[in-house]
Amino acid sequence: MKAVRFVALIAGLLLSVQAFASQFVINHQFGQTAPTQADVLVVFAHQGQPVTVAGWSAEAQQLLNDALQANEFTGKHGERVDVLAPAGVAAKRIIVVGLGEADQLTRVKAELAGANLVGVLPQERAVTLVTTAVNDANAVAAIAHGMDLKNYRFDNYKSQAKARQQVTYQWHVADSAAVQQHYADYVAIAKGVFLARDITNLPGGDGYPQAIAEMAAKALKPYGIKVTILKPNQVRKAGMGALYGVSQGSEHKAYLLAAQWEGSKDQPIALVGKGNTFDTGGYNLKTSSASIVRMQTDKAGGAAVLGSVMALAAQKAPVNVVAVVPLSHNLISGTALLPGDVVTAGDGTTIEVANTDAEGRLILADGIWYARDKFKPRAIADIATLTGSKVGALGNVYAAVFSDQDDILASMKQAGEATQELVWELPLGPYPGIISSNLADIKNTGSPGAQAGAIFLQHFAKDTPWIHIDMAGNAFSESPRGIHPAGANGYGVRLLTEWVKLYSAQAN
Ligand code: BES
Ligand code: MN
Ligand code: ZN
């Protein structure tokens with residue numbers, strides 16, 4: 001085996017990526033030489049094309065195609081047929097996977113084809129994947145990426161967590177250098193998605209503001225990302241009374257994290273993510289168990305922006321992007337905010353806290369202000385698990401987007417299509433008086449709920465081009481879904497990584 005690999009390396013045909021973080025359990029090796037011997041051969045096929053395997057005799061090819069026909073395999077996306085290898089070929093078992101028509105193969109369809117193989121391929125067997133029928137090197141890399149995304153586990157809290165077995169898969173591809181290059185970009189995205197899932201999954205008792213700030217700083221610094229952490233007294237002294245107020249009833253006070261990847265000298269794009277590390281509702285307590293359970297995922301927006309900056313930095317993308325994450329712990333005690341209290345945000349706006357459970361917009365108000373004040377961004381995208389109203393309107397597949405900037409909306413919708421992290425536009429008005437307060441400048445509630453949240457945040461974005469993404473319900477699923485295992489899915493990382501690149505290119 002070693003000798004074979006050595007020869008292949010000399011020939012310059014085999015490239016490998018190693019030294020992955022432990023979440024990457026597959027070492028994908030992309031080569032252009034036909035496989036020598038495998039236990040399992042996975043052959044990817046397009047609809048309407050005969051299945052060919054390089055190095056096989058005409059007879060063996062015919063036998064395979066006959067077997068596929070008998071199984072009514074057509075190559076449609078999602079089809080999979082398992083057959084015994086014909087005699088004389090260098091494999092025991094053949095799995096043929098349909099990718100659909102060649103000109104219809106998108107990134108996400110390729111990712112799904114890979115993800116669907118997880119759990120199907122046996123461990124401890126030599127696996128070779130043949131994609132020589134696939135001309136699109138990006139799609140081949142996306143198949144491997146789909147496997148990586150689906151293989152994520154959050155088992156830190158399992159007393160008997162199984163050590164993940166590392167496996168090596170050999171890929172037979174048409175252009176290994178091209179596949180390798182695309183795959184490296186996908187590895188960067190996967191790292192960002194894994195960070196976001198890790199942060200989102202962390203229970204509220206362990207994943208409080210300080211813990212998340214430190215965890216993120218440690219994860220991001222190795223990529224050349226500049227990390228700034230504001231501690232609770234700095235948050236307060238900077239005047240961010242809305243952010244500070246939400247955590248004032250908790251032992252764990254507010255933090256603010258900024259993480260900048262300066263891959264270009266352009267004016268930065270700011271991504272502001274809600275980092276509420278647990279949402280009890282405060283004195284407007286979430287009184288049903290269904291409404292309070294899983295509220296550690298209320299930091300998923302913050303997780304998404306941190307994962308996005310990590311991905312862009314790991315890709316060394318030529319963009320200037322900063323993630324700003326206000327971190328809070330919305331708990332109750334003798335010092336917690338009371339319904340009807342008034343807090344003053346960093347920009348001087350006084351806010352009537354009509355409902356302590358509408359805490360997301362309070363911390364984002366200061367996050368957006370901080371982003372504008374410190375980074376003078378050319379655009380701001382904020383992302384948050386903000387309202388139950390959004391879940392009622394759109395469910396948990398689409399996120400809601402709000403903006404008065406056509407170019408930002410268009411590029412966000414495009415990024416949503418490309419990544420299938422879909423967004424749907426809701427209006428910003430007219431809703432006259434929707435957040436008017438008799439007591440203070442504005443109040444933190446209004447109806448309709450998702451729109452009130454958006455219009456509240458627009459007040460703090462002022463004249464900076466801005467878009468709000470309400471991702472309530474999108475971040476977490478109790479059962480596996482497509483390219484995601486059960487649990488936090490890292491929603492927003494793939495979307496925003498794509499969007500930042502699209503928007504940067506367009507604004508230049
Ligand atoms: N974090 C919640 C929103 C949420 C609900 C996210 C369900 C995920 C699933 C948010 O802080 C919240 O409590 N919003 C309130 C606002 C209301 C009190 C104005 C809501 O939507 O009910
Ligand atoms: Mn809330
Ligand atoms: Zn919340």
Side-chain angles (χ1 to χ4, degrees), residues 1-16 26-102 105 110 113-114 116-137 139-141 143-144 146-147 165 167-176 179-180 183:
M1 193 61 203
K2 275 216 165 94
V4 172
R5 228 181 268 177
F6 180 70
V7 170
L9 266 172
I10 293 293
L13 295 176
L14 194 138
L15 294 144
S16 84
I26 306 171
N27 174 21
H28 298 284
Q29 297 198 331
F30 303 105
Q32 283 173 210
T33 42
T36 47
Q37 179 74 43
D39 296 316
V40 181
L41 203 65
V42 184
V43 181
F44 292 87
H46 282 305
Q47 194 165 1
Q49 294 176 14
V51 179
T52 57
V53 187
W56 280 22
S57 67
E59 244 179 306
Q61 310 247 20
Q62 189 58 49
L63 280 169
L64 175 62
N65 280 282
D66 289 349
L68 291 174
Q69 208 171 26
N71 279 288
E72 288 172 19
F73 178 87
T74 64
K76 247 192 5 223
H77 186 267
E79 275 182 353
R80 190 177 70 224
V81 164
D82 203 322
V83 292
L84 278 175
V89 309
K92 292 171 191 141
R93 187 179 150 196
I94 318 286
I95 298 174
V96 186
V97 175
L99 293 174
E101 278 165 29
L105 183 57
N116 289 341
L117 282 169
V118 170
V120 171
L121 302 182
Q123 300 263 321
E124 299 171 48
R125 291 275 194 283
V127 173
T128 294
L129 302 112
V130 182
T131 61
T132 42
V134 184
N135 285 324
D136 180 355
V140 175
I143 297 173
M147 294 180 174
Q165 201 188 334
V167 295
T168 296
Y169 288 174
Q170 308 290 342
W171 292 72
H172 184 199
V173 305
D175 182 346
S176 55
V179 172
Q180 183 56 54
Y183 181 66

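The shown structure was predicted, so the numbers you read here are calculated from the model rather than taken from an experiment.
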* Asked: Do Leu117 and Val97 come within less than 4.5 Å of each other through their side chains, counting heavy atoms only?
  -> yes
* **Glu72 atom CD: more than 12 heavy-atom contacts under 6.0 Å** => no
* **Worked check of side-chain contact (heavy atoms from CB on, under 4.5 Å) between Thr132 and Val173** => CA-CA 5 Å; Thr132 42; Val173 305; 5.9 Å; no
* Asked: Minimum heavy-atom separation for Ala144 to His28, with atom names?
  -> O-NE2, 3.5 Å
* Gln29 and Tyr169: side-chain contact (heavy atoms from CB on, under 4.5 Å), yes or no, with the steps? -> CA-CA 6 Å; Gln29 297 198 331; Tyr169 288 174; over 6 Å; no
* Asked: Roughly how far apart are Asp175 CG and Asp136 CG, rounded to 0.5 Å?
  -> 11.0 Å
* To do: Considering non-hydrogen atoms only, spot the tightest contact between Ala60 and Pro86 and give its length.
  => O-CG, 3.8 Å
* Asked: Is there side-chain contact between His46 and Leu105, with at least one heavy-atom pair below 4.5 Å?
  -> yes
* Parallel, tilted or perpendicular: rings of Phe44 and Trp171 (30°, 60°) -> parallel
* Nearest 0.5 Å please: distance from the NZ atom of Lys76 over to the CD atom of Gln47. => 7.0 Å
* To do: Grab the two heavy atoms, one from Ala34 and one from Ala54, that are nearest each other, plus how far apart they are.
  => CB-O, 4.3 Å
* Structure fact -> Test side-chain hydrogen bond (donor to acceptor under 3.5 Å, both in side chains), reference Asp39, set Lys92, Arg93, Arg125, output is Lys92
* Are there more than 12 heavy atoms of other residues, nucleotides or ligands under 6.0 Å from atom CD of Gln49? -> yes
* To do: Report yes if some heavy atom in the side chain of Phe73 is under 4.5 Å from a heavy atom in the side chain of Val96; otherwise report no.
  => yes
* Asked: Would you say the side chain of His172 lies within less than 4.5 Å of the side chain of Thr33, judging by non-hydrogen atoms?
  -> no
* Does a donor on one side chain sit under 3.5 Å from an acceptor on the other, for Thr52 and Gln61? -> no
* To do: Indicate yes or no: at least one non-hydrogen side-chain atom of Val81 is less than 4.5 angstrom from one of Val83.
  => yes
* Asked: Is Asn71 close to Arg80 at the side-chain level, that is, under 4.5 Å between some pair of heavy atoms?
  -> no
* To do: Count the heavy atoms of every other residue, nucleotide or ligand shown that sit under 6.0 Å from CG of Asn135, and state whether that count exceeds 12.
  => no
* Exercise: identify the closest heavy-atom pair between Ala110 and Ala139 -> CB-O, 3.4 Å
* Distance-only donor-acceptor check, side chains Asn65 and Gln69, under 3.5 Å -> no
* From His77 NE2 over to Asn116 CG, what is the distance, rounded to the nearest 0.5 angstrom? -> 7.0 Å
* Between Ser176 and Gln32, a side-chain donor and acceptor under 3.5 Å -> yes
* **Pairwise distance CD(Gln170) to CG(Asn27) - rounded to 0.5 angstrom** => 8.5 Å
* For Gly75, does its backbone N or O pair with a side-chain atom of Glu79 as donor and acceptor, under 3.5 Å? -> yes
* Asked: Just wondering, do Thr128 and Val40 contact through their side chains at under 4.5 Å, heavy atoms?
  -> no
* Could you tell me whether a side-chain N or O of Thr131 sits under 3.5 Å from a main-chain N or O of Val134, the two making a donor and an acceptor? => no
* **Step-by-step side-chain contact (heavy atoms from CB on, under 4.5 Å) determination, Leu129 to Ile143** => CA-CA 10 Å; Leu129 302 112; Ile143 297 173; 5.8 Å; no
* Is the closest side-chain heavy-atom distance between Leu64 and Ile94 below 4.5 Å? -> yes
